Every structure is written in structure tokens, then in C-alpha cells.
Amino acid sequence: MNKHFQPQEVEREIYAEWEKSGTFQADSSSPYPAFSMVIPPPNVTGVLHLGHAWNHTLQDILARYHRMRGKDVLWLPGTDHAGIATQTRVEKMLMQENGQSRHDIGRTAFVEKVWEWKDKYGSAITEQIRRLGDSVDWSRERFTMDEGLSQAVRTVFVELYQKGLIYRGNRIINWCSRCGTALSDIEVEHIELPGKLYHIRYPLKDGSGEVVIATTRPETFFADVAVAVHPNDERYSSLIGKTVILPLSGREIPILADPIVDREYGTGCVKITPAHDPNDFEVGLRHQLPQLQCIGSDGKLNELAMEFAGRNALEARQDVVDVLRKQGYLLHVTDIVHAVGHCSRCSTVVDPLLSLQWFVRMQNLADPALQFVHRGELQFVPARFEKVFVHWLENVKDWCISRQLWWGHRIPAWYCDDCGGTTVQLEDATCCGHCKSTHIHQDEDVLDTWFSSALWPFSTLGWPDTDTPDYQKYYPTSVLVTAYDIIFFWVARMVFMGLEFTGQMPFQTVVLHGLIRDSEGRKMSKSLGNGVDPIEIIEQYGADTLRFCLATGTSPGNDQRFSMEKIEGSRNFMNKLWNAARFVRMNLSDSFQARTIEWDKLDIADRWILHRLAKANKSAQRLLEEFEFGEAARVLYDFAWDDFCDWYIEMAKISLYGESIVDKERVQTVLYEVLQQLLQMLHPFIPFITEEIWSYLPQRNGQLLVASDWPQIQQAWIDDTCDTLMGSIQEAIRSVRNIRSERNIPPSREISLLIRPLSVEAMERFQQGQYYIQKLCHASQLENKMDIEPPSQAIALAVSGAEIFIPLAGLIDLAAEKNRLEQEKRRWQQEIERIDKKFSNPNFLARAPQEVVEAEKIKREDYEARLSAVEERLRAVAAMEQ
RNA sequence: GCGGCUGUAGCUCAGAGGGAGAGCACCACCUUGACACGGUGGGGGUCACAGGUUCGAUUCCUGUCAGCCGCACCA
């Protein structure tokens, strides 16, 4: 083994070996119980970012863990077609290369281009997924526009239409003029911006005065159809039913009463523009008002705006205001701050627009989802996200699913040019379903990408065919792991679609993690240029370093900051593990045969490390079952670094470099066993390096770690007494080291140690650890006797159950020693006081649990013993001063 | 307006009803035969604030303050 692990040299080979071994492939015919997950399908056009890397690390930990625990694991990979993003990208390319727009080449040719593009670049992201080491089943990879998945989309659309849960209608939708398509409500991001509130006079027709309305979008006034006031607003009650004359156009519109009006806001008078505002739209329906439109889908004003026709609405605003002002209609303008909707993809301001679109009627789908969740049939991790989920579903509005794009699942609806009927069906229509006319044309639009993603957990397993072995065995899936920012986009939609079409929750548990931020806590974004390319990290440090860094940074549902310092910390751990393994390997012969561990023949240190190993295993398992990834990783880190490397390996060196063959073999067996189990437990987190180390272990015969079993917890190894015993040995070692350091006694200078135990029992304890104390304190001799008479020129240490003397003839500064002992004395006195305070409270004795009281008593005895040792020593020092 | 998260060492963050933790940074010492991507030792925090529950609160509850996020409304 080299001095350092070289991830670049081995990761690709190891991944290829894993793939070849078939370990990642699920087997629906195997007798083992299923553990299944579907990957949140990344954008086929995309590149891997740190968020993916994190998300995938967590899933891979689960996949590999459950595989090692004997489950038949299916982790299904794939990508989605990302309608707008992909289309935009190919359009740009087309424009750059040929100077053509998609309209220049036509729909069929354009869609062909996108497929070409997808075939060429769509594998980039799946290649990157391999670099992360994901143990996905590539034989089951899916794409949302695959034949089967497209069939699922059509089936769902047709069935929902037949059930009346999908309808086409004229509604206010969010229109992004840059993307040229409608968006759903959640694709709109509201951003607080400074704006102006324009107060405009609308004269009464009867000449008796005027009303003043307030608006932020004065350019829409051309499409006003009414003015509304609150029914109980005394200021305006006499005006209800009267008519006002719209400035410039002279059109007459009514004043009406509607409770939606906020009397406090603006003037309390609202202009009603049903075609350009969702609230006004509702008011319009209630009062049967016409729906006049003055801005088209191109964002331009139309002929209703008279001389402004043809101009961009937003740009024309100022001119409209100027004209109103000139003609005396503008009363005044005030500054306000209001939330303006922006396209979440391209940040263009979205226009509320009246438009004929397809919608999913949400009520009937949301209700069952809410019922199932209330019955506890979906576990959220962390639980608090359930509230977010429920709140959204309780208030959800109908989902606009049609997109004015060419790339995606085309809506299976045909319109008849003769009878005007709509035909919705699975197969491509050849004639009108109502009048049999062949003069029909298909709807031009495609479906929202999330419509197909919503079906992902079952469409990928063969649905609508529910008899496939995969669907039978792996649906519903076990766990879904995703970031909390797509609870609405994806999780909620999978839930209600899953319930509607499979009658089951698509997953039993949904694990939500946070978002990656930069080292200053900012979201990573292209515009800030603070993004980090995970592939670069992998190339520089290896996938394991990245994965371990992300895993240890995980705390449930919370964001994490990314920094190179953390990466280095993680890299250092890889190096530590590598070298610990290297040490073990160097001390085993090539023909080494693992022996069974004979508990009775083990030394205290052996028992202790096996105890710690079993405890670490227990904790890691519990934490992984609870999806506490960060804690699980930390438990293993601490075990590996602190217990194994810092203590056990150092202690093992005594036997390894000693005379006794028996001792040496004993320690070799333990080292080998611990390392092997450690590699197995770390494998889900850092698969490459553990696999690589595994290959160096003797007697492996080409067996892969990835296919091995998670180690059994050996109950017989759990030994708390041994743990406390080692604890006191470690304390003794640390105390002596502390003194060495304080007194600048270099390691090269050997010292003697005299241990004076306070009891026979303590003497036996220290006997078991005395070689370790001696070696780890660089002591040339050690005596452990109850009747030791301390030399006068010595430093005295009070440890649990004993006093330790370090004879240092000629090096003792009595004043300094007295000072140190005084400090010690105060420390133990304080501890005793703290405990006595508890005991002096009668309620403590009466109400605290017996174990707690008992534990405090034992502590007090220990402190008391130490205190008297220190006091005695103080007296001795004082006597010497004379 | 509704809901949520966060506030612990200089920084990043764990944690748990009964003696304040880690990593990094810092200081000192150490080329000890796995590792300087290392070892040993050390300094450093009234666990945001105020109440309450409890024998006992940094941990549970309520409120306040500060930072952040989501949802709704905003003519």
C-alpha cells in the first residue's frame, strides 16, 4: 500500500467492477425483502451540482446499508425531460449555429433536434452519477419521455379527463412572456419590489363628482369593466349602482359592491380588470362582468389601448400615466412596496393573463392525500415538514398543466373543426369522437414536466401494467429522499397521483434534506458565481472525501454550508483510515488467516476495542434506521480516529513489537477483525476507499466489500465494566502526559511511575493496564503497590482510585508544586460542593431516580478520595519547605 | 397576516432533563518504526434574553429580541 490513497487512479476501475459484479441490480425473483427508492430525476440537460451530490450521497448510504443488511435493493436511476430548460437550450444552440428559430424549422424537425441533443448530451449527468459512486440499478434506468412513461402520462391524462378531474377553461394564469408559456402558481416567485400606487379619477356619469381608484398597473385600465367598493363602506354606499366614465376611452362602467375590497388600502375603491388580475377575475365571475383584454400573450397592448396599441405594456406605462396627468385624471402617485411575480426559471416579471388552458381540478385529489397523511400513512423526516405539506394541500388551487412548448408530452386532445367537440383518448385520434369528422387537429401544447414526474415512482416500475414483477415487488417504494424545496413541486404531486392511480402512498417515508450554501451562507447560484463543481472536488480529492464531507454536514432538514476547509477535514479522515489500514496490513503476513476471537484469552485493550466496536455498530445502525446520516457518520469517525487509531493501535504496538508470539497473534486477530468491520460499516459512506483497502486484506480472494454483509452486533463483546476500566487507565495516561507537557519533559526522557492504589481492587485494575500506562507515558519503570512510600522529590497526581507519583529528583519547584496542588484542591472541593448542594435538597433524595442518586454518591467518594490525597501531598510539600 | 427554522468556543456546527462537545483556527512541545492530510498537551463558552414546569433546565413550555425561510395578500 502507498503512503497515501490515490482516488483518481482507482475510482473508475472500482465502479466498473461493481457494475460488472451485478451487485447494484435488483432481483425481483429473489426471496429477500425489497428496499426500493427512485432517484429524484435530474434534468437531462443538467450538470451535477452539489445539491445532487448531497442528495445522492444520502440515498447511496441507504442503498448500500440496506443491501449489506440483506435486502433486495432497487435504487432506480433516470432523468426528466425538463420541458422549458431543454427547449430553451436547444433553441439557443440552433440560433447560434444556424441563426434559426424553432419556428423556422418547424415542430417536427425541432423535436427531432432536441432528441439528437438529448442523445448526445443526456448521458453527461448519468456519467457524473457514476463518478459519485451511486449504487443505482442501471439496467432499470428511465427517462420521462420513454415509451412506457409516456404511455403512463397519457393514461393518467385520459382517466383524469374522463373523471372530470382535468378540464380546459379560460382562467387567469401566470404568463411568462420570455418563455412564451403559461406557468403553474408555484413556478412564480414573488419578490418584494418598490413600486408606485397611481391614484386616478374616474368621473361619475351623472356629473355629480368622481371616484378615485388606486392602482399599480395603470396601463391595464383600458380593460376595466367595473369599479368596486366594500359593501359596508359608508363613504361610498351612495355610489353603488352608479356609473363612471373611463378616462380617455369614455367607456361606461358600473360601480358595484364586493366584500373582497379592502377599505384600508388605497382609496378603498378598486378598478376591476378581470382579464388581468386573479382577484378581479373572481369578482368578474360573481358579477357576470365581461372579460376585456388589453394586453396580449406577447406582453403588448392591443387595440383596446388605442394609441398605445402594439407597445410593450410595461414600457408604455409611463406614457399612459403622462397622458392621464395631462388630461387631469391623475390625482397623485405614492411609493409602495409590493410583491411582484417573477418567472422562477428566467426571472421575467409574469403577467396574470386570461387564457385558455388545461387544468387539474385539485380538490378531489388533495382530499384523499390529506386523509392518508392524517392517518399517518406517510412518515415525514423530519416530522415538521408534514405541516408544510398539509398546509399547502389544504389551500391548493387548480393546477395549470398546459405549456406552450414543443418539447414534452403533447396533450392527447383533438378538436373538431366541424362540430367543435373535444376528443381525449389514449390512441392518436383519426376522427372526432362526437361527429366522426376527420377534420380534427391536436392540441398544440405539451404537459408540465412535473405532470410526468408526479408518476415517476410507479411509471418507472411498469405502471399502468400492474402485473410486472417490478411493480409487484418494489411498489410502493420504501423511502424517498429529496430536498425540501420541492415538497410542492414533486412530493405532493407524487402523493396525490399515487393515491389516485395506485390506491397507495408511493413511498412509506419521505426524507427531506436542506440546501447547500456557500461558506458565507449564501445560496449557490450562477449569478453570484459561488457555485462549486462537485466533479472538480472529486477529481482533486476523490468521491469519498466529498461524500463524507456532505454526510457529516447533514443535520435533519437543515441547510449546510460548504467550504474547502471542511473538504480538507474529510480528506484527512480518508488519509487516517488509509494509514490505519496500512499499519494493520504491514503487520499481517500475506498468509494471515483470520482466527475466531477467543474472548477469554483477550487482553483488556482487546476487549475494550471490541466493546467500542460493538457499541459503534449499534449506534450506527440505530442512527441509520432513523435517517440521522450526520450522526451516524460522526459515530464511525470518532470510533475510527479516537478509539481505534489513537488508543488501540498504539496499545497494540506493545504486543506487535514484543517477544510473545501468542500476544502478537492475538493482537493481529483483533486488529484484523476491527478493521474489517470498520470498513464494512464505513462502506455505505465512503465506498471507494473502503473497497480499495478491502482488496489489500489477505485472504480476500477477489470477494468485493460491496457484496459483503453488515457486521453482526456481538452482544458478548459489550462490556461496560471494561469500558470504565479503560477509562481510568486512559485518565492516568493523560494525567502523566499532561505533567510531562507542563514541565517540558521531552518524550525522549524516560521517567519512572509509582502508582499507589487506594484498594486491592484498584491495584488489580491498574495491573491490567500497567504496560499500556508505561508505554504510552514513555516510562522506563512502573511500580504498582499499595505500600509505596513516595519520594520527596516527586510530582503527585490524584486519579480515580489511585495516586501516581513521578519522581523527579532535582526538578521539583516546591512553590510551583504547591500552587498546582492548591488548584487541584479547589477543583475537587468545588465538585464536592456541587454534589453536596444536591444532597442537601431533601427533594432530590426523595424524587430523583435512585440510579442518579447512587451515581452522585459514587462520584462524591471518588472526589473525596482525590481531595484527601491532594491535601496529604500538600502537607508533605509544606513539610519539605521547612 | 399564517407557518416554520436558527441563535452553544474566534469560525462552521453537533448534542442531550443530572459534571459544556467536535472539526477548523490558535498556543506549546514532538522528524516516537501507519499517517506532519500526523502525534501529545493546552487556552477559550453565565449554551441570545425573560419568565414557567421540574428535586434539577443549556436541553421541555411560554413570551421577547435577532437572523433566515416558506405560504397567502397586496388594487
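Letters A, B, ... are given to chains in the order of the sequence lines, protein chains preceding strands, and every chain is numbered from 1. Please read all numbers here as calculations on a predicted model, not as lab measurements.
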**OP:** Find the distance A:I253:CD1 to B:A75:C1' and express it as a whole number of Å.
**Re:** 13 Å
Original post:
Rounded to whole angstrom units, what separation is found between the CZ atom of A:R820 and the C1' atom of B:G42?
Top reply: 15 Å
**OP:** Find out whether the Lys NZ or Arg CZ of A:R612 is both under 6.0 angstrom from the six-membered ring centre of A:W647 and within 45° of the ring's axis.
**Re:** no
**OP:** Figure out the CG/P separation between A:D836 and B:G56, and round it to whole Å.
**Re:** 18 Å
Original post:
Taking the C1' atom of each, how far is B:G67 from B:A72, in whole Å?
Top reply: 23 Å
Subject >> Distance test, side-chain N/O of A:K653 to OP1/OP2 of B:A34, below 4.0 Å >> reply: yes
Original post:
Stepwise, does the side chain to side chain donor-acceptor pair (under 3.5 Å) test hold for A:E187 with A:S184?
Top reply: CA-CA 5 Å; A:E187 284 162 297; A:S184 68; 2.7 Å; yes
**OP:** Could you pick out which residue, A:R571 or A:W647, lies toward the 5' side of RNA chain B when each is mapped onto its nearest nucleotide?
**Re:** A:R571
Original post:
Taking CD1 from A:I835 and P from B:G18, how many angstroms apart are they, rounded to a whole number?
Top reply: 15 Å
Subject >> Phosphate contact (B:A14 OP1 or OP2) by A:S555 side-chain N/O below 4.0 Å >> reply: yes
Original post:
Under 4.0 Å: is that the gap between some side-chain N or O of A:K838 and OP1 or OP2 of B:G56?
Top reply: no
**OP:** May I ask you to evaluate whether A:Y657 reaches the phosphate of B:U32, defined as a side-chain N or O under 4.0 Å from OP1 or OP2?
**Re:** no
Original post:
Any side-chain N or O of A:K3 under 4.0 Å from OP1/OP2 of B:A36?
Top reply: yes
Subject >> Distance test, side-chain N/O of A:K576 to OP1/OP2 of B:G39, below 4.0 Å >> reply: yes
Original post:
Below 4.0 angstrom from OP1 or OP2 of B:G39, is there any side-chain N or O of A:W641?
Top reply: yes
In a table with atom names and distances, give each donor-acceptor pair under 3.5 Å that connects a side chain of residues 543-552 of chain A to protein atoms at least two apart or in another chain.
from	atom 1	to	atom 2	distance (Å)
A:D544	OD1	A:F688	N	3.1
A:D544	OD2	A:I689	N	2.7
A:T545	OG1	A:Y541	O	3.3
A:R547	NE	A:F685	O	3.0
A:R547	NH1	A:D60	OD2	2.8
A:R547	NH1	A:L132	O	2.9
A:R547	NH2	A:D60	OD2	2.9
A:R547	NH2	A:P684	O	2.9
A:T552	OG1	A:F548	O	2.8
A:T552	OG1	A:C549	O	3.1

**OP:** Please list every stem that involves RNA chain B, where a stem is a run of 3 or more consecutive Watson-Crick or G-U wobble pairs with both pairing distances under 3.5 Å.
**Re:** B:1-7 with B:65-71, B:10-13 with B:21-24, B:26-30 with B:38-42, B:48-52 with B:60-64
Original post:
Going through the checks in order, is the side chain to side chain donor-acceptor pair (under 3.5 Å) test met by A:N575 and A:H4?
Top reply: CA-CA 6 Å; A:N575 183 249; A:H4 297 288; 2.8 Å; yes
**OP:** Look at all strands and tell whether A:Y484 reaches a base, only sugar-phosphate, or nothing, counting heavy atoms closer than 4.0 Å.
**Re:** nothing
Original post:
Hey, which of these two, A:E189 or A:V584, hits RNA chain B nearer its 5' end, going by closest nucleotide?
Top reply: A:V584
Original post:
What is the distance from CG of A:D559 to P of B:U6, rounded to the nearest Å?
Top reply: 11 Å
Original post:
Does the side-chain ring of A:H4 lie flat on the base of B:C35, meaning centres under 5.5 Å and planes less than 30 degrees apart?
Top reply: no
Original post:
Looking at the side chain of A:H338, which of B:A75, B:G3, B:A34 is the nearest nucleotide?
Top reply: B:A75
Original post:
Quick one: is A:R634 getting a side-chain N or O under 4.0 Å of the B:A14 phosphate, OP1 or OP2?
Top reply: no
**OP:** Please work out if A:E831 contacts a base, only the sugar-phosphate, or nothing of the nucleic acid, heavy-atom cut-off 4.0 Å.
**Re:** base
**OP:** Using the C1' atom on both, measure B:G15 against B:G21 and round to a whole Å.
**Re:** 7 Å
Subject >> Spacing of A:D638 atom CG relative to B:A14 atom P, expressed in whole Å >> reply: 15 Å
Original post:
Hey, does the side chain of A:N558 come within less than 4.0 Å of B:A14's phosphate (OP1/OP2), counting only N and O?
Top reply: yes
